[in-house]
Amino acid sequence: MLQTNNYSLVLLIQLALLAYDLFVNSFSELLRAAPVVQLVLFIIQDIAILFNVIIILLMMFNTYVFQVGLVSLLLERFRALLLLSALYLTLSISFHCWIMNLRWLDSNRFVWTDGLQTLFVFQRLSAVLYYYFYKRTTEYLGDPRLYEDSAWLRDAFARARQ
Amino acid sequence: MHSQWAYSGHNSHLHGPCHHDDRVHCPPCQDEMPLAKTKKKKPKKESNDAEDAEEPGLEMEGMVSRRQSESRDPLTPEPQDVQPQKKKKKKKAQTPDGENAQADMANGGDGVEQQTDGEEVIRKPKKKKKPKTTERQYSNEVDIEDEDIITDTLPSIPQHSLFSAPQGHSQPVGKMFIEKNRRFHAADRLDVGKPINQIEDYLEMRSLWTTRDVALRVHSGFRVIGLFSHGFLAGYAVWNIIVVYVLAGEQLTTLSNLLNQYHTLAYPAQSLLYLLLAISTVSAFDRVNLAKASVALRGFLTMDPAALASFLYFAALILSLSQQMTSDRINLYVSANATLWPEGSEHRFLQPWIVVNLVVALLVGLAWVFVSTRPDLDYTEGERSSNTRTLVSRLMMNSTDNVIIRDQCILLQRMFPSKNFCKSKLIILC
């Protein structure tokens with residue numbers, strides 16, 4: 001059974017990581033006085049995305065639905081978030097590596113190209129979708145019905161066994 | 001298994017049915033039990049049937065009203081210490097506890113069986129008179145003094161059965177035992193007064209908070225942040241485009257002036273624009289419940305304000321991100337003037353940038369109008385149920401007593417002073 005205090009703490013951590021991610025996405029271009037500053041920010045951002053994914057997976061593993069064995073049910077319900085998280089992580093790492101490679105020698109240089117601009121747009125767009133689906137999923141995982149036995153779960157289990 | 005009455009002594013409180021929470025066990029409730037027992041025991045004293053009839057009956061009471069508490073285990077040795085005192089006080093010797101203890105132990109396992117055993121035991125006392133007299137003869141033969149024989153129908157401490165009800169006389173003491181974290185702590189009666197009821201009530205209210213309530217609270221909190229972001233973004237976008245047009249002059253004839261004045265603001269403005277657009281877009285997606293495709297599509301087809309707003313915000317976000325390159329170019333106007341801004345290129349780079357910023361300002365302004373016409377609309381939360389309403393409705397369902405509902409209404413009012421529950425349509429009985 002998920003305790004309210006534990007859930008509140010986990011929710012707080014997740015929202016803090018999301019807020020940090022949004023902060024870096026918004027203001028990292030202003031903090032490029034030294035290339036190492038942007039490098040550290042990007043590394044922490046990528047680790048934060050990874051931590052968020054791990055936390056959400058742990059929350060899924062903690063549900064009664066998962067413990068019963070209905071993994072496919074959970075994956076089907078949360079596949080949008082899992083796919084978006086993987087996409088966003090890939091785009092972020094790619095963009096960070098590219099732009100750091102371009103700006104390492106001179107951080108105040110104009111480095112934009114059409115390809116970099118396209119990758120930038122996709123990375124920022126996927127970030128917004130990632131925020132929305134992640135917030136929604138983490139709120140949904142607070143439903144006590146996922147952590148207790150119920151008629152619909154037994155029906156789903158019976159259907160899965162067939 | 002242990003008896004809830006196991007630690008009852010003549011100087012201790014009898015703790016009634018206990019609950020696994022922080023509550024003060026009500027002494028008056030406990031005192032009722034001994035009175036009930038004495039009433040039953042009086043007519044039976046003469047027939048010396050008290051022990052045989054009472055103990056199964058008391059066991060029945062104990063089984064029916066029992067709720068075990070783990071913290072009572074350490075207190076079980078107390079009854080044995082109190083027994084010698086009672087032996088000295090009581091002069092009348094009744095049957096020893098041995099045989100009755102064995103009978104009670106046999107009967108103590110099953111509450112259902114005890115009901116039938118109680119009836120059978122009631123019939124039995126008449127038959128047992130003879131064995132008691134023979135036992136007295138045996139006791140005299142072994143030189144046991146009369147003072148050592150307990151004849152009182154009220155056994156001091158029930159050492160026979162774990163499930164029997166307490167039979168000792170409890171007397172009120174100055175201290176109350178408060179259960180906290182499965183342990184009992186002594187506290188003076190005077191110190192524990194009205195605030196206990198408030199604490200109990202507060203803890204009851206706190207125990208109603210579930211993870212779903214936390215999630216709903218976070219969702220509603222973000223909705224408030226989103227609402228602020230909608231308005232701030234609209235105002236900021238309008239201000240930004242007005243400044244750009246003022247600096248650019250009529251027909252964009254003074255673009256060099258715009259570059260000179262605005263180049264330090266371009267990149268911070270772009271960053272702030274993205275931050276506000278991200279928050280507003282997520283908030284708009286929340287309102288339209290974008291994850292449920294059926295609901296979102298229906299909203300788009302029916303020109304729902306929330307759906308239109310989310311579409312407008314998403315379009316504005318894409319347009320804003322597309323101008324990142326030009327914004328960085330404006331930002332580097334002073335440092336890389338020759339390479340980035342050759343002669344005659346200002347109009348070529350800046351006109352699309354100004355037009356896109358104008359479109360973004362119009363889009364976010366229009367989206368803000370759509371959102372502000374129905375600020376409470378939220379398809380993700382469902383029927384606009386607030387956290388307080390959830391609490392209230394739960395209380396209403398759990399209680400049918402008007403007095404209890406009214407008390408809970410008062411408690412809610414204390415917790416949420418800004419809201420008037422007595423006039424709320426949800427609470428009719430306040």
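The chains referred to below are lettered A, B, ... by the order of the sequence lines, with proteins before strands, and numbering in each begins at 1. All values below were derived from every heavy atom in this structure, side-chain atoms included, with hydrogens, water molecules and symmetry-related copies excluded.
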Pairwise side-chain contact, [X] with [Y], heavy-atom cut-off 4.5 Å (strictly under):
| X | Y | answer |
| --- | --- | --- |
| N62(A) | L58(A) | no |
| W341(B) | L350(B) | yes |
| L312(B) | W368(B) | no |

Straight-line distance of L87(A) CG to L83(A) CG, nearest 0.5 Å: 8.5 Å

Distance (rounded to the nearest 0.5 Å) between L75(A) CG and L81(A) CG: 11.5 Å

side-chain contact (heavy atoms from CB on, under 4.5 Å) between S280(B) and F232(B), worked out: CA-CA 10 Å; S280(B) 301; F232(B) 189 77; over 6 Å; no

Chain A neighbours within residues 314-333 of chain B, where any heavy atom lies under 4.5 Å away: F314(B), L317(B), I318(B), L321(B), S322(B), Q323(B), Q324(B), M325(B), D328(B), R329(B), N331(B), L332(B)

Structural part of L290(B) lying under 4.5 Å from a heavy atom of chain A: both

Taking the side chain from [X] and the backbone from [Y], do they hold a donor-acceptor pair closer than 3.5 Å?
| X | Y | result |
| --- | --- | --- |
| H263(B) | L259(B) | yes |
| S94(A) | T90(A) | yes |
| N260(B) | S256(B) | yes |
| N101(A) | C97(A) | no |
| D46(A) | I43(A) | no |
| T211(B) | G142(A) | yes |

Closest contact, heavy atoms only, S283(B) versus G226(B): OG-CA, 3.6 Å

Minimal non-hydrogen separation, L277(B) against V364(B), with atom names: CD2-CG1, 3.8 Å

Would you please go through [range] and name the residues with a non-hydrogen atom below 4.5 Å from one of chain B, in numerical order?
| range | value |
| --- | --- |
| residues 102-111 of chain A | R103(A), N108(A), R109(A), F110(A) |
| residues 115-139 of chain A | Q117(A), F120(A), V121(A), R124(A), L125(A), A127(A), V128(A), L129(A), Y131(A), Y132(A), F133(A), K135(A), R136(A), E139(A) |
| residues 6-34 of chain A | Y7(A), S8(A), L11(A), L15(A), L22(A), N25(A), S26(A), F27(A), E29(A), L30(A), R32(A) |

side-chain contact (heavy atoms from CB on, under 4.5 Å) between L358(B) and V244(B), intermediate numbers included: CA-CA 9 Å; L358(B) 176 64; V244(B) 165; over 6 Å; no

Top of V218(B), I279(B), T281(B) for chain A proximity - count of heavy-atom pairs under 4.5 angstrom: V218(B)

Aromatic plane relationship, F61(A) with F66(A) - under 30° parallel, 30 to 60° tilted, over 60° perpendicular: tilted

CA sep, side-chain torsions, deciding dist, call: D304(B), R287(B), side-chain contact (heavy atoms from CB on, under 4.5 Å): CA-CA 11 Å; D304(B) 189 75; R287(B) 287 173 182 274; over 6 Å; no

